[in-house]
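See below for the structure under consideration.
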Amino acid sequence: MEEYPEELRSPPVALVALVGCSEHHGAMTTHLLSHQPPINTLALPDFSKLTHLLQRSSSSPGGFLKRDWLVKHRTKIPAVVAALFSWDHVSGDPAQWVQVCSDLDDIKAAIRPKNTKLLLLVVVGKSEDISEDRLLALRKRAEVDSKYLLLYNPDPSQLDNSLQRLSASFAELGATFYKEEGRRIKARIEKNFSTPDLQVRYCFKVAVYAEFRGDWAEALRFYEDAYYALREMIATLTRLSPIQRLFEIKTVAEHLHFKICTLLLHGGKLNEAVTWFCQHIGSYKSLVGAPEVIFLHWEWLSRQFLVFAELLDSSSTTLPSTSSQPLGTDQLLSEWEFHPAYYYQSAAQYMMEKRSALDLAVSNSETFNENDDGSAESVIPSVYIGQFARLLEQGDDSAIQSITDDEYTRYVIAEGKRFQDNFEIIALLKKCTEMYSNHKVQRMGSLCAFQIAREYFSLGDFSNGKQFFDGVANLYREEGWITLLWEVLGYLRECSRKQGAIKEFVEVSLEMAALPVSMVDGIQSSKCGPGGPASLEQRELIHREIFAFISGEARLEFLNGLDDLKVTGDNTLHLEIDLVSPLRSVLLASVAFHEQIIKSGVSSLITISLLSHLPLPIEIDQLEVQFNQAQCNFIIMNAQKSPLEAVQSEQHDHRMESAPSLTLTTNKWLRLTYDIKSEQSGKLECTSIIAKIGPHFTICCRAESPASMDDLPVWKFENLVETFPTKDPALSFSGQKAAQVEEPEPQVDVTLGASGPALVGERFLVPVTIASRGHAIYAGEMKINLVDVRGGGLFSPRESEPLSLDTHHVELLGIVGAEWEDESRKGSDKIMKIQQSFGLVSVPFLKIGESWSCKLEIMWHRPKPIMLFVSLGYSPISCELNAQKVNVHQTLQIEGKDAVLIDQHFMLPFRKDSLLLSKVKPAPDSSQFSPLPLHESTVLVVSAKNCCEVTLQLLSMAIKVDDGATEKSCSIQHGNEDLGTAVLVPGEEFKKVFNVIPNLDSSKLRLGVVHLKWKRHCGIEDRSGLTVTDSKVVTKHELPDVHVELSPIIVNLECPPYAIVGDSFMYHVKIRNQTELLQEVKFSLADSQTFVLSGSHSDTVFVLPKSEHVLRYKVVPLVSGLQQLPRISLTSVRYSARFQLSVAASNVFVFPSKPHCNTEKRVEEPAAAAD
Amino acid sequence: MIVCVAVVGHQNNPLYIQSFTDADDALKLHHIVHCSLDVVDERVNNPKKSGPTLNETFLGLLYPTENYKVYGYLTNTKVKFILVTTDLDVRDADVRNFFRRFHAAYVDAVSNPFHVPGKKITSRTFADRVSTIVQSFGLSSAA
C-alpha cells in the first residue's frame, strides 16, 4: 500500500487559495486546516502568482489518467480563490481603488476558465466605519453574491467570528465548485461520444470530485463505472503495443480497485469489499499477458492481495466487529476470506510465482540478448499512469519518446532483477505466521513457516531455515502426517548436509529411514523436496547410505574436502534417544524385570527387548545395559563379531555376556534375557541401553517399561501386526524397568518381654532383648514408639506444649538396664533420646550369638491400650554411615488399666437424724454437694475395689489434706494408716471408715485426698521386681466437697439393741433443739401390729431453745423376728419440714425368749445406754 | 473434478488420503487438507459462528484457495472427511450427496472386523469404492 502515492491513499482535501494581505494568511490557514472537513490552503502573497497557478495545459490524451492529476487538484488547483483587500485600499483614494479594481479583474480573468469560485475578503481595522457604498461597488465589480463578500476583522475579539464565517463560506463555495466540475464532466459522459479511454477518465474525475465534497456514495458509483468501463476495454486491445497497454489497464484498474475497496471498507461494508475483491481478482486473473512478461502479471496479482490484506488489516482495527460481520447472509464467503493473513499468504504465493517467472524471463533475455544495447536505460514513468517512456536528453533539452513493447520488456526485466523477492516473500509469510499464531491457527501457520523455511533454504540461509523446518516437523510428527513430515525432513537433512552437521544429518536420516512410508501411500512425484520421493526405496537408500557412512565404509560425497568431519578416530558419533525423541522408531528399548521384588543377592531374570523400524536389518556389535546401580551393568557381545579392543581395555570390570546374534529386523523385537543380581537393597532400575554399531557410532537409548511404554507417534496409526516386547504377553502389559531389591533377611531377634496389663500409676517395665542369630550388629539403633491402638495417632504432642498429664496419657519415662559393656568404647556413639512417646537408643556392637537387653519404663496416667513399636536398625557388615541397613520390627500391644477404684459415702450415726434444711428445701446451687451437719460426727466410708486382674496388696490408706485450713474446719479421725497385709483379689472391695466432724459452717468444704498405697501382690517376690521397679504405687482419690450446715433439730432414737417377746422396753425419741428459737414439733406415731405401746400417738410439742424434749414409749413386742418399731414421723412447724427416721434405724430384732449365750455383757451395754 | 479426498482421525492424523490428479501436486493437496483441519477445528470449537450448521455433519465450504474448494464433513465419531475439488462452481447438494456416500463407504470399511479402529484404512475395497464415488461426483446432477 505504501507504494501508492499519498494522494491516492488518503481521501482528497478541498483546496482554496488566498491572495493578498499575506499577513493574515497564517491564521486563516491554520483555522481552515482544523475545520471539519479540513481545507487545504494555498497562500499567495500577491495577485500575479495566481495567473501562473491557473495556467491551463492542454495536450491530446495519451492514456487514461495523468499521473499528476490528483496531486494537481490537491495542491495546485484551488476550488475557491479568496481575494483579500484591506479596507484602506478599498476606501482609499481613487488610485488605490483603481488598483483594487485591476487586481480584481486579473483574478476574474485568471479563474474564469477553471470556473474557480471567488470570495472577497475585506480586512477591516479596529474601529473603522464601513461604507456600504464602497462594498457594494466592490461586489458589483467582482460579480459575486453579497454573502461571498466578507469582512475580516483581525482584532482578537472578532477574529474567531470572522474565521468561522470565512471557513463556512469556503466550504460552501468549495462544495459548489466541485459539484459543478463534477456535473460538467458528467455531462460529457452522458453525451456518450467519448472513447472508452475518456469514459474511464471522466468517471474517475467525477468520482474524485465527489470525494472532494464528501459524497462517498457517488464517488463509489463512479469509480465502479470507471472500473467497468476499463474492464470492457480489455476485449478491444487493438493498440500496437499490447504489453504496455495491458499493463496500463491493469495499473489503472488497480488504482480504481484500491479506491473502491477503501471506500467500501471505510463505509464498514466488509462483505461487499471482500466480494468486490474476489470479482476483481476473478476478472483479471486470467489476463496473463505476453509470456515473456508474465512475471508482471504475478507481481500485479501479488500486489493486489498484499494491498487488500493491508487494507483489511488496517480496517479491522477501526471496524469494531469484523468477526461478527462475516457469514451473515452471504454463505459464499467463508470466514477465512475476512482474515488478512489469507491475503498475505496469497500475496506471498503469487510473489513466488513471479519470482520463478522472472527467473525464467531473465535467463531467456540473457540468452537471446547477448548484446544488450542499453535500451532499457533512461526509461522513466510517463505522465500517464501505467505508462513508461524514454527520456531523451540532448543537452538541456529533454524529450519524451514512447517505447516499443520489446524495449519495455527489456526495461521491466532489468528492473525486476534489481529486487530481492525472497526477502519480501519471507516478510509476507512471517506476517502470516504471526497472524495465524495469534489466532491459534497452527496448521496454516506451519504451512507458512514451511514456506519461509523453503525460502531461507533457497537463499542458502540454512540456520534460519532449519529453525523453521524444525517447528513444522514437530507438528507433522505430532499429527502423523508422514508425507508432509518426509518432505520437511528432506529439507532438514539437506540443511545439515550443507552445514556439515554430521550428528544432525545422521539423526534426520535415521528418522526418515524409519518413517512409515510404504508403497500404499507413497507419493511418486517429481515435485518433491530434496529428500526425494517418499517411498520405501528411498528409505532403503537413505538407510544404506547412512549405515555405510557410520560404519566408516563410505564417505559422504558432499563432504568433499572436509576430512575432519569423517567419523573416524576420536570423532565418535553418539546419539541419545530419550522418551520423546522422534528417533524412538529407530531404536526402542524396552526392559522388563521378570519379578517386581527381588531378593538381595539372589539372581533374577531381566528381558531386554529392542525394536527398530528401519527398513533394513541392522547389526549391533555390542549392547551395554546400564542400571542405576552401576555394579549391575553388563555388556552383551555379538558372538558373530570379534570383541572390540576398546571394550576389553576399559570395561573389564563389567559382566560380559554374549548373544548369538544382535541383528534387528524391521518391526521385530529382539529379545534378550539375562540374569541379574543385586547386593544392594532399594530400587534397581535399568536406565539406558547403549548400542554400539561400528567402531565409532553409539546410540544411547533410554530404557522403557513395557507396561508404560507409549506408542511410537508416527507408527501408531499404521496397520501393523501387533508385537510384544516379551515372550510372555502378561509381562508385556505389566513389566517394569525397575524392581525393588529387598534388604537381606535380618538375623537378629528382638523380643519384647512384657505381658499382662499395665496398671495406671506404676512404672511399667517392658524388657527388650536383642539377640543376634547370624548377624553382628554394627551401629545399631533402636527406635521406640508408642502409638494409640485406636488410631488416635502418636501420643507425642507438639514439642511446644508443656508437659501435662492431660496430653500424655501414656509416657515413656526412660530406658533402664541398658548395659553397655564397655563405656569408653561406646561412649562416643551412644545415643539416647527419650521423649514422651518416642525414644531412640543406640545398641552396642554385638557379635554373632551375643545378646543385649534393656527395659523400657512406661507410665500410664490414664487407662488406655497402646501399641509399642520397637524397631532395630543395624548394619550387619560395618560401621560406615552409608552401609546397608537391616531393620527388624517388633510390636506389642499393652493394655493400661486402673488398679483400684475408690469410692466413698457418708453415713450418720445410728438412729440419729439431723434436720438439714438444705435437704428439705434444696437450694438450686448447693444441691450437688452432700450436706453434713455441723459439729456432728458423720461416718465416711471409703471403699477401694480391685478392678484389675492382678491381686493387689494394699499398704496404707489415709486422707490427707493439702493445707492447714481444712484441719481447722473439720477433723477426721481414723484408725491406723498402715493396713498391714490387706490382700485384695480381683473384684474384691476394701473399706475403711473415717469419722468426720465438720467444725466450720461452710457451703463448700474440702475434705482432702485419699492416698491409697498399694503394690502388686505376687506369690514370688522376685518376679514382681522383674516387671515393676518401684513396687509401691500411690493412687490418689480426691474426696468430693461437702456442704456443712447447722442442723436445727436433731432426733435420736433410743431403744435396746434387741427385744424379747412379751418383755417391755423403753423406746425414747429425743428431739433436741439446737437453735435459739422455740421449736414447735408435731409428731405422730404409726401403730404397729407387732408391738403394743403406751405413749401419745400424736401431739405437738414445744422444744425450748438449746434443750431437748424426750418422747417416751413403753413397748411390748408381740412377735419375734426382725421387726419394725412403730414409726414416728416428725414435722417441724417452723421449717414446715417433715422428717422420718429411716427404716433401718427403726428395726429391732425380737427374740422369742431371752437368748442364752455369753453375749450378756454386750446386751447390757445398750440397755444401760437406753436408761 | 475432485482432486483429493481424505479421512482424518481424532488426533488430526490422516487415516486415508488419496489424490486423483495426474499432476504432481499431491504434496500440495496434502498441505491443503492439513490446513483445512484448522477450519474444522474452528468450526467445531466455535459452534456459535457457524449457527445453522450446528448438529450437522456437513461442515460446508471450509477454506478458499485460488484453485480449489475444500469441503468438510464431521462424523458423529469425530472423524473428519475432507474433499478438495477444482470445480469452482459446486452445488451444495452434490457435495452433501458425495459425503453421504463416502460416509457409508467409510462405515463399511471400519466395520471390517479386521480393522483396528484408529488405524489407517488400507482396505483396497474401500479405495476402489471411493474412486467410484469420486468419479461419479457431479454426474448424477448433470444427468
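To find a chain, count down the sequence lines: A is the first, B the second, and so on, and within it residues start at 1. Basis for what follows: all heavy atoms, side chains included, without hydrogens, waters or symmetry-related copies. Since the model is a prediction, treat every value here as computed from it, not as a measurement.
- B/Asp41 places none of its side-chain heavy atoms less than 4.5 Å from the side chain of A/Gln442.
- A/Gln349 does not touch chain B: none of its heavy atoms, backbone or side chain, sits under 4.5 Å away.
- Contacts between A/Lys716 and chain B at a heavy-atom distance below 4.5 Å involve backbone atoms as well as side-chain atoms.
- In this structure, B/Leu29 CG and A/Thr483 OG1 are separated by 10.5 Å, a value rounded to the nearest 0.5 Å.
- With sequence neighbours left out, the ring pair (Phe, Tyr, Trp, His ring centres under 6.0 Å) criterion links A/Tyr343 to A/Phe277, A/Phe308.
- Of all the heavy atoms in B/His30 and A/Leu484, the pair that sits closest is CB-CD2, 3.5 Å.
- Options B/Leu15, B/Asp92, B/Asp38, B/Val33 differ in how many heavy-atom pairs under 4.5 Å they form with chain A, and the most are formed by B/Asp38.
- From B/Lys28, atom NZ reaches atom CG of A/Leu447 across 10.5 Å, with rounding to the nearest 0.5 Å.
- Of all residues in residues 1-14 of chain B, those placing a non-hydrogen atom less than 4.5 angstrom from a non-hydrogen atom of chain A are B/Val8, B/Gln11, B/Asn12, B/Asn13, B/Pro14.
- To the nearest 0.5 Å, atoms CG (B/Leu37) and CD (A/Glu479) are separated by 7.0 Å.
- Atom OG of B/Ser36 sits about 7.5 Å away from atom CE of A/Met444, to the nearest 0.5 Å.
- The aromatic rings of B/His31 and A/Tyr476 sit tilted, their planes meeting at an angle between 30° and 60°.
- Around atom NZ of A/Lys440, no more than 12 heavy atoms belonging to other residues, nucleotides or ligands sit under 6.0 Å away.
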